[in-house]
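Below is one structure, written out as structure tokens; comments come after it.
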Amino acid sequence: MLVCDISLKRDEFELKMAFEHNGAGVVGLFGPSGCGKTSFLRALAGLEPATKGRIVVAGQTWQDDRAGINLPPWKRRLGLVFQEHRLFPHLNVKNNLLFASKVRRLSKAQYSWPEVLELLDLQTLLERKPGQLSGGESGRVAIGRALLSDPDILLFDEPLSGLDAPRRAAILPYLERLHEQTRIPMLYISHQMSEMLRLTDRMLMLSAGNITADGVTLELAYQLDTNLLSILEVELLHWDQQSCIASVQSGADVLRIWSPQRPTSKHFRVLVDARQVVLATQLLEHSSLLNQLACKVEKVIPGDDGLCLLNLVGQGWKLKSQISLLSLQNFGLIVGDKVYAGVKAVILKGN
Amino acid sequence: MDWFPGAGPLLLTAKLAAITVIGLLIVGTPLAWWLALGVQQNKSRWHGYVRVVVEALVALPLVLPPTVLGFYLLMAMGANGTLGQWWIGLTGEPLAFSFTGLVIASMIYSLPFVVQPLSNAFQSMGRDWMEAAWSLGANRWQTWLRVVVPHCRAGFLTATVLGFAHTLGEFGVVLMVGGNIPDETRVVSIAVYDLVESMSYGAAHKLSLILLGFSFLILILVYGFNRRWSRL
């Protein structure tokens, strides 16, 4: 549970954030660089002395100017995963992980030592120094270190942003696992919509230090006209090892998607790029498409580059499709039309 | 000390250097911290100016001839100087030409050799790791012991050794402020000068060689450790 109403003024820039997080799920803070995301996390953590206002986490007041309360950073129980990870270079991985339990004299934490090692696959890294870790490995250690500090809230400051695509792909599954079994409130900030879609439940959109939109991540992303990504929340029905095809249920429809490994959990999210969704006015008989889903056009967003984006509503799911304006005219598609959305079995993950 | 005429000055020099370094670490550490990291927190322009002035003052002993520094210190510590009068009022003893006076003079003379390596170490460390430690629940003291000191250990070693070694080599300031009183202010550099003046080349050789060997040895140790510690 987080309640905050704070402002932070710095030169020309003013951050003003007021929101509550009831603790269920992950709240994402989304916005371009320079919009104040990192400053906000630093303000929560007590690292920005000029912060004014009120912050209450898990029933404990961290800051309240009227009551004259302002806890120093070390008295605020938060786990902060920095963008640059900030592992202590003079300590090995094990001692980095144990740092908080030593200084806070923790006997028992929400996440136990074996649990964190397993969750993040850290067992083989314990004796190494941070300088001997890859970017992905050091990210995992940073997350584990924060978890083991027994925080009341977990803050992620773009933990994937300094990493290249393969390294990002190496950490994302761990973050997804953490998201699935979340026990503490989490704030995740990023400027990548794909990370928001895969890891967060609620999204606050930030611009120039202010919250401009607040809502369920999938819905907000769907309503955002500039966003090409959408998510299908699916339940695994069956996975066929030979064909590497997973049958999954999304709303009332069953989709078949390619998955070289058995999906690790029953419920997961499939990221769909609007450029991969083909539209047809009737079922295609002779095509390689494995999935053709009946749906309705809810919104047409014409672009000025000869392309247009269509918001589609199916039975219990929503998708976006990007087609050319020429196709739109050829079909004569308008809002309310029934169409079939062709979704390839191979769904690209990531960005 | 009749077995070797240099033993007295050697012991006195070691004592002076050790006390000077301990004092400088106590005074110099907060000063270096403030120079390296104190200003970022308080961004007022006034603070910036003060910092520049303090930085220049700390570096002054590097460029001033020791005799000039010694001359001013003598003026201050003498019976008519402000510091000297205050000291006489406090203890009844004169400060100039005493061991205590020598310690104070040495501390000023060797200040940059302690403050600059520490300041560089703190600056290159930056605030990132301290913030990480705070966010993990370490208070200022725990952060200092568990993060700052181990992280800056090469800086502390360099500061300690350079401060010690530089105090060993001081001559001009001692001559001005301390004079040549056996077991009180007669350090090795003065003793060597004396021996040479009185044509005792043999004894001067012995004493010089000891100082040369010792200085060389500790510098080797410092550079060796620094090499090792820089590969974290």
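Order of the sequence lines fixes the chain letters, A, B, ..., with proteins taken first and strands second; residue numbering starts at 1 for each chain.
- Only the side chain of A:Phe82 comes within less than 4.5 Å of a heavy atom in chain B; its backbone stays farther off.
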Exercise for the section: Assess whether side-chain contact (heavy atoms from CB on, under 4.5 Å) is satisfied between A:Arg145 and A:Phe88, documenting all intermediate values. Expected result: CA-CA 11 Å; A:Arg145 186 174 72 168; A:Phe88 301 122; 3.5 Å; yes
N/O donor to acceptor pairs below 3.5 angstrom from side-chain atoms of residues 44-56 of chain A, sequence neighbours left out:
residue: A:Glu48; atom: OE1; partner: A:Arg10; partner atom: NH2; Å: 3.4
residue: A:Glu48; atom: OE2; partner: A:Arg10; partner atom: NH2; Å: 3.3
residue: A:Glu48; atom: OE2; partner: A:Arg42; partner atom: NE; Å: 2.8
residue: A:Thr51; atom: OG1; partner: A:Glu48; partner atom: O; Å: 2.7

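- Between B:His166 and B:Tyr109, a ring centre-to-centre spacing shorter than 6.0 Å is recorded.
- Residue pairs meeting the salt bridge (charged side-chain N to carboxylate O under 4.0 Å, His left out) criterion with at least one member in residues 82-103 of chain A, sequence neighbours excluded, are A:Glu84-A:Arg86, A:Arg86-B:Asp128, A:Arg86-B:Glu131.
- Using a 4.5 Å cut-off between heavy atoms, A:Leu87 touches chain B through its backbone atoms (N, CA, C, O) alone.
- For the set A:Pro72, A:Pro73, A:Ala146, the entry with the most heavy-atom pairs within less than 4.5 Å of chain B is A:Pro73.
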